[in-house]
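Atom set for the values below is all heavy atoms of this structure, side chains included, hydrogens, waters and symmetry mates excluded.
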Amino acid sequence: RVVLVGILLVLLLLALSFLRIWTTSPPGFHPLIRVKAIDLLQSWSLKRTATMAMDSRRFDEAAVAWISALNQNPADPKAVRGIVKVLLQVNPKKPKDSEIQPYVWWLLKLTHTNLMDLNLAVSVFELSENFDAVINLLEPRKHQLDPSSEASYLKALFHKHRMEDFGALWKSAGKRFAQDPELVLYHAAYQAGWGLSSGKSEWLKTLEAAMEERDRRLLGCRLLLAVCAQHLDSDRYEGFLQRLIEWKDASLAEHLG
């Protein structure tokens, strides 16, 4: 009898391990995601491997482990965050849209756009220059944004040419960003292109000075392109575009401009 009970328990444990009966998706989530117990065990082991690889800065190995962990349990937000963060490490300046953004949208769906994942998503969309996504995520929460998200919202408004909204938000929040080196340039570009006629030359000098600083020269040059386009100054636009070409950072949109 003891042997028989033991065999039945083993069979039961095997059934529980290899049947998809464990729901891992959050309540109300569609589609419903169920996994096997063995999948959860493998996912845990792969996440551990991925974390150690990231700590050792072996990002390619970490990416493979995070993706494998997500394949074992597609409803695991930790695995999705791991994928997003490691892909940002692999290509920190301009992550490929097709590579990283689907994971970001999946993460937001899994976590109902909680604050931590919202900030991560906004940073990805900003780097990918998907400013429509930034605005769509932040605009419904614009009265309760933290400083980082508010800064991203301001930049997105500028890039989508919503200058009236940019000016109104800067008027109420500009003092908070007076020391932000990037937003100072955005404000200078706004004043030079869309502000009052007096004093525009001084704002242009601020942008031109930024082009002499290695950390801000790309942004300064891009903002000058926007100002030149606003004033229909094709000669200066061509000159600034040539600088971006020399720095091997001119985008298709800037060439089209």
Side-chain angles (χ1 to χ4, degrees), residues 16-27 29-134 136-138 145-149 151-153 155-156 182 214-215 218-219 247-249 251:
L16 291 175
S17 298
F18 290 95
L19 292 176
R20 294 184 182 277
I21 59 175
W22 305 96
T23 301
T24 57
S25 52
F29 187 87
H30 183 78
L32 184 69
I33 296 174
R34 287 194 174 104
V35 299
K36 298 174 284 189
I38 192 70
D39 292 332
L40 294 175
L41 182 62
Q42 289 176 328
S43 178
W44 173 83
S45 177
L46 286 163
K47 286 188 291 186
R48 190 166 175 269
T49 299
T51 300
M52 290 190 293
M54 287 191 73
D55 291 341
S56 302
R57 303 188 67 78
R58 303 193 309 274
F59 297 125
D60 290 336
E61 181 182 331
V64 172
W66 281 123
I67 292 171
S68 299
L70 184 65
N71 289 337
Q72 297 299 322
N73 180 13
D76 186 351
K78 183 176 180 181
V80 190
R81 283 187 208 105
I83 293 171
V84 172
K85 290 177 180 177
V86 78
L87 291 178
L88 284 174
Q89 291 290 343
V90 171
N91 192 359
K93 289 189 177 179
K94 287 190 178 179
K96 296 177 183 176
D97 293 7
S98 59
E99 189 175 62
I100 192 170
Q101 291 200 31
Y103 291 114
V104 174
W105 288 119
W106 184 245
L107 177 62
L108 293 175
K109 184 177 180 181
L110 282 173
T111 62
H112 303 293
T113 319
N114 65 28
L115 182 59
M116 178 178 68
D117 294 321
L118 175 66
N119 289 338
L120 177 61
V122 167
S123 67
V124 170
F125 292 136
E126 190 176 333
L127 286 169
S128 303
E129 299 180 2
N130 186 350
F131 298 111
D132 285 319
V134 173
N136 289 338
L137 284 172
L138 297 182
L145 297 177
D146 60 28
S148 174
S149 295
S152 297
Y153 183 49
K155 296 173 190 176
E182 287 193 356
R214 188 168 186 82
D215 293 339
L218 289 175
L219 178 59
W247 296 332
K248 298 181 179 178
D249 214 79
S251 69

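The shortest distance between side-chain heavy atoms of S45 and L41 does not fall below 4.5 Å. A heavy-atom distance below 4.5 Å is found between the side chains of L87 and Y103. A 4.5 Å side-chain heavy-atom check between T111 and W106 finds every atom pair outside the cut-off. The shortest distance between side-chain heavy atoms of K47 and D76 falls below 4.5 Å.
Residue A133 comes nearest to W105 through the heavy atom pair CB-CZ2, 4.0 Å, listed as atom of the first residue, atom of the second, then distance.
Judged as a side chain to side chain contact (heavy atoms under 4.5 Å, CB included), and not counting sequence neighbours, the contacts of L46 are S68, A69, Q72. Here S152 pairs with E126 under the side-chain hydrogen bond (donor to acceptor under 3.5 Å, both in side chains) rule; sequence neighbours left out. Residues passing the side chain to side chain contact (heavy atoms under 4.5 Å, CB included) test with A65, sequence neighbours excluded: T49, A50. For the side chain to side chain contact (heavy atoms under 4.5 Å, CB included) test, residues two or more places apart in sequence or in another chain that qualify with P31 are F29, K109. For N73, the side-chain hydrogen bond (donor to acceptor under 3.5 Å, both in side chains) partners two or more places apart in sequence, or in a different chain, are T24. In this structure, the side-chain hydrogen bond (donor to acceptor under 3.5 Å, both in side chains) partners of T23, at least two apart in sequence or on a different chain, are R34. R58 meets the salt bridge (Lys or Arg N to Asp or Glu O under 4.0 Å) test with E61; sequence neighbours excluded. Scanning for salt bridge (Lys or Arg N to Asp or Glu O under 4.0 Å) contacts around D60 gives an empty result, with sequence neighbours left out. When the ring-ring contact (aromatic ring centres under 6.0 Å, His included) test is applied to F131, the partners found at least two apart in sequence or on another chain are H159. Take A121 and apply the side chain to side chain contact (heavy atoms under 4.5 Å, CB included) test, not counting sequence neighbours, and it matches V104, L108, F125, L137. The side-chain hydrogen bond (donor to acceptor under 3.5 Å, both in side chains) test applied to D146 returns N119, S149, not counting sequence neighbours.
Atoms CG and CD1, on N130 and I100 in that order, are 12.0 Å from each other to the nearest 0.5 Å. With values rounded to the nearest 0.5 angstrom, L88 atom CG is found 6.5 Å from L127 atom CG. Here CG of L218 is found 4.5 Å from CG of D249. Values are rounded to the nearest 0.5 Å. In this structure, the separation between CG on D215 and CD on E182 is 9.5 Å, given to the nearest 0.5 Å. Taking CG of L70 as the start and OG of S43 as the end, the distance is 8.0 Å to the nearest 0.5 Å. Distance check, rounded to the nearest 0.5 Å: OH of Y153 to OG of S148 gives 15.5 Å.
Checked by atom type and distance alone, the side chain of D39 never pairs as donor or acceptor with a backbone atom of V35 at under 3.5 Å.
Judged as a salt bridge (charged side-chain N to carboxylate O under 4.0 Å, His left out), the pairs with a partner in residues 77-86 (not counting sequence neighbours) are, in order, R81-D117.
In H112, the NE2 atom is crowded: over 12 heavy atoms of neighbouring residues, nucleotides or ligands sit closer than 6.0 Å.
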